[in-house]
A.B. asks: 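Pasting a structure below so you can have a look.
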Amino acid sequence: MDIPKTYDPKEAEQQHYTRWEAQGCFAPEINRDPSAPVYSIVIPPPNVTGSLHMGHALQHTLMDVLTRHKRMCGYRTLWLPGMDHAGISTQLVVSRELKKEGLSRHDLGREKFVERVWQWKHESGGQILKQMRREGASVDWSRERFTMDEGLTRAVREVFVRLYEEGLIYRGKRIVNWCPNDQTVLSDLEVDKTPQAGKLYYLQYPVKTANGEERRVTVATTRPETMLGDTAVAVSPDDERYKELVGSTVLLPLTSREIPIIADEYVEAEFGTGAVKVTPAHDPNDYDMGVRHDLPQIVVIDQHARMTEDAGALFAGLDRYKARELVVQKFEELGLLEKVVDYEFSISKCERCKTVIEPLISTQWFCRMDELRDRALKLMSDEKKPRFTPEVPYEKVYTDWLENLRDWTVSRQLWWGHQIPAWYTEDGQVIVARSEEEARAKAGTGELTQDADVLDTWFSSWLWPFSTLGWPDETADLKTFYPTSVLITARDIIFLWVSRMVMAGMKFIGETPFQDVFITGTVLDKHGQRMSKTKLNGIDPMDVFDKYGVDATRLVLASVGSTDTRWNDNQVESYRNFANKIWNAARFCLMNSEGATVGKGFEGDHDKWALHDRWIISRLNKTAREVDEALTQYQFHEAVQTLYHFFWDDFCDWYIELTKAEVTAEQSSPERDAARSRVISVLEQALRLLHPFMPYITEELWQRLPGIDGKLLHPAYTGAQPTIMLTMYPQSDSSSIDEGAESEMSAVIELISRVRNIRSELSVKPGDRVRVMVGASEESLREVFAANRDQIARLARASEIQINERLDAPRASARAVLAGGAEVAVPLEGLIDFEQERERLAREREKLEKEAAKLEAQLANPQFAERAPAEKVGEVKERLADIAQRTRAHQQMAEALK
RNA sequence: GCCCGCUUAGCUCAGUUGGUAGAGCGCUCGCUUCACACGCGAGAGGUUUCGUAGGUUCGAGUCCUACAGCGGGCACCA
C-alpha cells in the first residue's frame, strides 16, 4: 500500500470538485425521492467586480456545511449561486479601463459603453465564481443567476410597474445625496459619514432695522459658500435674544437679496450662536425648514459641485472649495467675518469613490416604504420571522432600523443597470410599462423617450430569493424552493439587503423569503483591525488554501461562525495537523485492510461485544447527535470541536490503540478480519461526519476504502456514482449510546493514565516494562480490568497486570487512587526514591483536600441542603464520599512508604 | 447624544436553561513505541479565580445595577 505519510491537499482539491460537478451531485435533481424534504439557500450575490475575501470564504463555508449536511440527510437540496451587477462599482471599473485608453464613457456613448461593460463582464468579471469551486462550494451551477439576466430583468420591471400602479413608486423633486464624481444620486445607505477636522466660520449678516440702527446676526457654518443660496435666517421660537427680530429681514452680504428671520423649532437656542442660516437647496434640514416656511430654493451649486449663475457673477463657475475661500475672503474684507474656529464634524462621502457628497435638489424616483415596512414589522412581532442568529443584537438592529425607515431613492444616474421602465411623451406625460411596446400601446403614440436613469442595484437584489427561481412566472422551482431555509450573510447589509428582501418577499409572494437569518462574524487581522484594501492588511483566502489546504481553512472559518475573530495562522496550522491526523489514521486502517469490509464487524449481540467496541459505537452515536444539535442551532464551532475530539481523542488515541494488537496480528484469522472491519467501519462513519466540513480529504480517503460501492449511498441517491457526499449522514441511534460502556471505559482509561503518570514522574525508561497491581473491592470493576488486561498492559507498557480485591504491594511501590475505591500500585524496587514518592503523594492529597474542603463547606451550609434540589445535594455528597475514599487510600499509601 | 456587544490560562478563543473553569497554540519533561515528530506520553499554568465595585441567590463566568477599557451601530453636528 503506497500512501504518503503526509497529506497533500492539492491533489484531492484538483480532482473531486470537477467530478462532483460533472455528475450533477450539486443539483437538486440528483435526489430521486419525490417525498424528500427540501432545503434551499440562495447565495448573497457577490459583486461581479469582486474577488474572494475572507468574508466570502466564511459565508460560503457555512452555507456549504449546511448544504452538504442536509444533502447527506436526504433533503432535496439547492444552493443557488450568482452575482450582482453592482451598478456603480462596475461602471467605475470599466470607466477606469477606458481612461487608460484616453476615453470617457461619454466618448463611447451609452449603447457602446454598456456593450463594453458586458464584454468586461464576460472576460474579467466573476473571478469569485472560479474561486468558489476551489472552496468546494456545492452550488448548483445549472441555476447560476446574474441580476441583469433576462429573467431577473423581467422581475425588476414587473415589480416597478406594480409598485408604480399602486402609488408606492413615484417621481418627485427632493433634496438628495449627490456624488459630484460619479454624477449620480445615492441612497442614504450608500453614503459614509466620516469624522473630519475642519473649520467653523462665524459670519455676520446685517439686520435691516427700521431706525437705521446697526445690528448684526451671527450665523456659523462649515460650508460658507452655501450662504449665497441662503433664503432665511432661523432662530428658536423661545430664544429671548432674537425674539424681537423674528419677522424682520437681513441683508444677505455678497448678494442683493433681503431674507427673512424666521422662528423654527429645529433651531436649538443653546447651540452655537442660536441663529442658523437656511439654504433650502443645499442642506437636508434647511430643505425641510424651507418647505415649512415656504422659502424659495436658490440653487447655487451644480451637479459638478461648481457654483451656478445664481451664485452671482463673482462666483459663477468656481469649484465649491474655491468659492468657499473667496466667500470667506470677501466677508473678511467687509468686516463681517467674526471668527474661524477649528471644528470636528462628520462629512458625508460616497461609499464607492469617497468624494464628498453634495446635497442637491433633484428629480428622482422614490419608493414609499411605510406599507412595506409595516408588513415586515408585523411579521416580526406576530410570528418572530425571520429568526435571527445571533438573536442579540440583530433582531433589534433590524426592527429599530425598519421603524425609522424613510422613502428609498431608487433611481441612479448611471448607464450600467436596469433602465427605468418609464417613458415620456412629447408633452411630458409619464408612461410606466413592462416594455416599450406596452408603453406605446398605453400612450397611443410611438414618440416616446425612455427615462435615462437606471435603478439602484439593490432594486434587483431585493428580489433575489424569488426572481432567481423564475418569478413572476409560477415556476416549479419557485414552488419547491421558496421560501428558502436560511440566509447567511454579513451584518453590514442587514438594512441594504436583508430587510428589503423581507419586504419584497411579503409584498410579492406573501411569504418570508427565508426562515432564518444567520449573521456571520468578522474576520479581523491579528491586531483586531478590519481587513481592508486600503490598509493592505487583508489575508487572501486563496493563499491560505495554498499553504494549509481548503479543508483546514474551512474548519477555522466554521469555528469563526458568528463571532468577530482575529485571524491567526496557528489555528489553521492546527487544523492542517488535524487533516494530517485523519490522513494517517486512514493510512493505518488501509495498511491493515486486507480481509476488512466496510460496514461489517459489528454483528451479533451488542452485549457480547468487547468493551472498546461498545464504547466507540456509543461515542460515535453521541458525536452524531451532538453535531446534529449543534448544526440545527447554527453552532458551527461546537460541531467542529465535537468532531475534532471524537476523531483525535476517542478514535485515534484510544480506539485504534486498543484494537491495534488485534488489527495488526500477523496471522490472518476471522477475528483479525472482524477487528479490521470494525476499525475501518468506524473510520468510514467518521469520514461521513466530517465531510460537510472537510469535503476534500474525506472524499479522497473514502474513495480508497475497500468495498466502496453504490450500496453505501443514501436511498435518495440510489444509482449515482459512489461518492461520500451522497452517503447517509450518520444518524444518532439512542439504543447504541451505552452509558455503561462509557463509564467502564473511563475506568480503564484512568487506570492506564495513572500508570503512565507514575512512569513519567518517576522517570521509568519508556522501554522498561513494569508490574501493575490493581486492588478493587468491587467485583464488577475487577471484571472490567480483567477483560481488558491485554490492552491495559499494552498501553501502560506493563509486563503483567495483577488484579485483586485488596492491594498488597511491596513497600517500594508507587501508588495511585482510582475512582470507585480502586487502587493501583507499581512496584519499583531499586527505582523508587521514597522521599520523592511521598512528596508526589502529598501533592495529590493536597488537591483532594482542597476539593473536599470546598464541598464540605457547601454541605455544611444548612441553606444549601434546604433549598437546593435533592438531586444536586446527592451529587455533592457522592463526590465528597469518593474524595474521602481516595483520601483514605492515600493515607494507607503514605503508611506503606514508612 | 442614544443603543448594543466584548473584557475568561502567555496568545487566539469556547463556555445556551445559574450547580465540579475548557480547547488549540505556546511552555516544561521524556520519547524516532512497527498510522502520524503536522506525532506519542506526562505535566505546569486561571492569586478560590472569569475587567472593577456592588446586588439577587443555598449557589453567579453565567442573572441585575453602576463604572472603566476596547469595539460596533444609529442619530445630530448651524
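Below, read A as the first sequence line, B as the second, and so on, with proteins coming before strands; counting in each chain starts at 1. Just so it is clear, the structure is predicted and the values come from calculations on it, not from any experiment.
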A.B. asks: Check whether any side-chain N or O of N757(A) sits under 4.0 Å from OP1 or OP2 of G43(B), and answer yes or no.
C.D. replies: yes

A.B. asks: Please, what dot-bracket string fits RNA chain B when only Watson-Crick and G-U pairs with both distances under 3.5 Å count, crossing ones use [ ] and pairs to another strand use |?
C.D. replies: (((((((..((((.....[..)))).(((((.......))))).......(((((..]....))))))))))))....

A.B. asks: Cationic tip of K339(A) within the cone over Y202(A)'s six-membered ring, i.e. under 6.0 Å and within 45° of the normal?
C.D. replies: yes

A.B. asks: Output a table of nitrogen or oxygen pairs between the protein and nucleotides 31-34 of chain B separated by less than 3.5 Å.
C.D. replies:
none

A.B. asks: Shorter than 3.5 Å, N or O on both sides, protein versus nucleotides 5-7 of chain B: list them out with atom names.
C.D. replies:
none

A.B. asks: When you check the phosphate oxygens OP1 and OP2 of C40(B), does a side-chain N or O of W648(A) lie under 4.0 Å from one of them?
C.D. replies: yes

A.B. asks: Give one of base, sugar-phosphate or nothing for P862(A), where a contact means two heavy atoms less than 4.0 Å apart.
C.D. replies: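 No contact.
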
A.B. asks: Return yes when atom CD of E594(A) has more than 12 non-hydrogen atoms of other residues, nucleotides or ligands closer than 6.0 Å, and no otherwise.
C.D. replies: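 Counting neighbours around CD of E594(A), 12 or fewer heavy atoms of other residues, nucleotides or ligands fall under 6.0 Å, so no.
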
A.B. asks: Counting the atoms with a prime plus P, OP1 and OP2 as sugar-phosphate, which does K872(A) contact under 4.0 Å by heavy atoms, base, sugar-phosphate, or nothing?
C.D. replies: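 Counting heavy atoms under 4.0 Å across all strands, the contact made by K872(A) includes a base.
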
A.B. asks: With a distance cut-off below 6.0 Å to the six-membered ring centre and an angular limit of 45° from the axis, does K660(A) pair with F588(A) as a cation-pi contact?
C.D. replies: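 Yes, a cation-pi geometry.
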
A.B. asks: Below the 4.0 Å mark, does C77(B) have OP1 or OP2 next to a side-chain nitrogen or oxygen of N285(A)?
C.D. replies: yes

A.B. asks: Tell me which of S760(A) and I656(A) sits closer to the 5' end of RNA chain B, going by the nucleotide each one is nearest to.
C.D. replies: I656(A)

A.B. asks: Need to verify one output field. Residue with the more 5' nearest nucleotide on RNA chain B, Y7(A) or D188(A)?
C.D. replies: Y7(A)

